[in-house]
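Here the structure is laid out as structure tokens; the discussion comes afterwards.
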Amino acid sequence: MSDPLFDAAVDGDRRSLARAISRIDDRATGTLEAIGSLSPRRIGGPGKPFVLGITGPPGAGKSTFTDKLITRARTRGEKVAVVAVDPSSPFSGGAILGDRLRMEGHATDPNVFIRSLASRGHLGGLSRASGQVVDLLDAASFDLIIVETVGVGQSELAVMEVADTVLVVLTPESGDVVQTMKAGLLEVADLFVVNKSDRPGANALQRNLELMVHLDMPLQSTDSHWAIPVATCSATENDGIDEVVDSALAHLEWCCGPGRPAWDRRRAVGRVRTFLDVVSEDARSYALDALRDEHAALRLGLEAGDINPYQAAADWGTKG
Ligand SMILES: Nc1nc2c(ncn2[C@@H]2O[C@H](COP(=O)(O)OP(=O)(O)OP(=O)(O)O)[C@@H](O)[C@H]2O)c(=O)[nH]1
Ligand SMILES: [Mg+2]
């Protein structure tokens, strides 16, 4: 069912866009139907729009880098949206302020839309909200949609599943390759960039990352294998950014390659994930409501320790 607020957002009204995103973030009633009635262009194929995910440890320079990307995209005449997900995470307090400051130069450009997503909630909540926001921005004709999230924790990294290409930003200070692997960043990366190359240690980290990503893997990309590039740059010095942009576009092109299996697979997984995000969260909120309301006795029993939570959950499962 179409919704006037979402229709106005898609037609280019920025206030409506901001309000529609707040409704997504608040999980307002009717949002799913409104999103479901949109016609995202990316169903047709990758690149229209290009959804670029940027993740990495706190303070790696993701927002500074994003700011430089916006400038380049604007030079090409593209309409850009940035979604900075996660400000409520305990790992990156203050991100909203930081993100705003870093991208301040674009604040008055009518073709740049920057939005922080204060998505609360548990596993699945962040990726649910960001997936819906990306679908809305897609329908609203943005050419480049950048999704920034701190690369700490499973729910933050799940956000990256919405992207066509995922860029992992590291720094000489952000730890060694072992920590990168432990954080799960290798699994999500299509490209690595070691930022703050103006500081010591960037080249050593680049070499170690290269060794890691090419372990047992061909150095060159083939139709079925993408060889993850490892670049260095300095976002503040505006150095090396163009090379990273070229690599990101090369990845996008690779996704669109013969039969574009990678992109199709990503989209297929994404569609199932969208469904699961919504139903799992709804099931939880249904249970929360029920514990407050008609199953208050169950909650009291759980709180008092009179009811075994495992048994109650098993019984709950057989209810639906
Ligand atoms: N020396 C140096 N400092 C940089 C570079 N890029 C970013 N910084 C600085 O690093 C700090 C963090 O930059 P941000 O862009 O906010 O980092 P972020 O990854 O977005 O941070 P969170 O969103 O809080 O996780 C700021 O003080 C930047 O000025 C760089 O290339 N070289
Ligand atoms: Mg940031």
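Read the numbers this way: they start at 1 and go in the same order the structure lists the ligands and their atoms.
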May I ask you to check whether [X] has an N/O atom sitting below 3.5 Å from an N/O atom of ligand 1?
X      : result
Cys233 : no
Ala60  : yes
Asn195 : yes

What verdict does the salt bridge (Lys or Arg N to Asp or Glu O under 4.0 Å) test give for Asp143 and Arg76, after you've listed the backbone C-alpha separation in whole Å, the side-chain angles of each residue and the deciding distance to 0.1 Å?
CA-CA 10 Å; Asp143 302 299; Arg76 296 192 298 269; over 6 Å; no
Output yes if Thr64 passes the N/O/S-under-2.8 Å test against the Mg ion (ligand 2); output no otherwise.
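Thr64 does not place any N, O or S atom closer than 2.8 Å to the Mg ion (ligand 2).
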Heavy-atom contact check, 4.0 Å cutoff: does Glu148 meet ligand 1?
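A heavy atom of Glu148 does come that close to ligand 1.
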Option set Ala235, Ala84, Gly59, criterion heavy-atom distance to atom 12 (C) of ligand 1, minimum:
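Going through Ala235, Ala84, Gly59 one by one, Gly59 has the nearest heavy atom to atom 12 (C) of ligand 1.
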Nearest heavy atom to atom 30 (C) of ligand 1: which of Thr232, Val194, Ile54, Thr236 does it belong to?
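Heavy atom nearest to atom 30 (C) of ligand 1 belongs to Thr236.
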If you compare all heavy atoms of [X] against all heavy atoms of [Y], which two are closest, and at what distance to 0.1 Å?
X      : Y      : answer
Pro57  : Lys62  : O-NZ, 2.8 Å
Ala297 : Ile307 : O-CD1, 4.4 Å
Val112 : Arg74  : CG2-CD, 3.5 Å

Go through ligand 1 atom by atom and flag the ones less than 4.0 Å from a non-hydrogen atom of Thr64.
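So the atoms of ligand 1 that pass are 7 (C), 13 (O), 14 (P), 15 (O), 28 (C).
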Flag, side chain of Asp239 to backbone of Ser234, donor-acceptor distance under 3.5 Å
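No, because the side chain of Asp239 does not come within donor-acceptor range (under 3.5 Å) of the backbone of Ser234.
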Please check: side-chain N/O of Gln132 versus main-chain N/O of Ala129, any donor-acceptor pairing under 3.5 Å?
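Pair absent, no side-chain N/O of Gln132 close to backbone of Ala129.
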Restricting to N, O or S atoms, which atom of Glu148 is closest to the Mg ion (ligand 2)?
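Going by distance to the Mg ion (ligand 2), the closest N, O or S atom in Glu148 is OE2.
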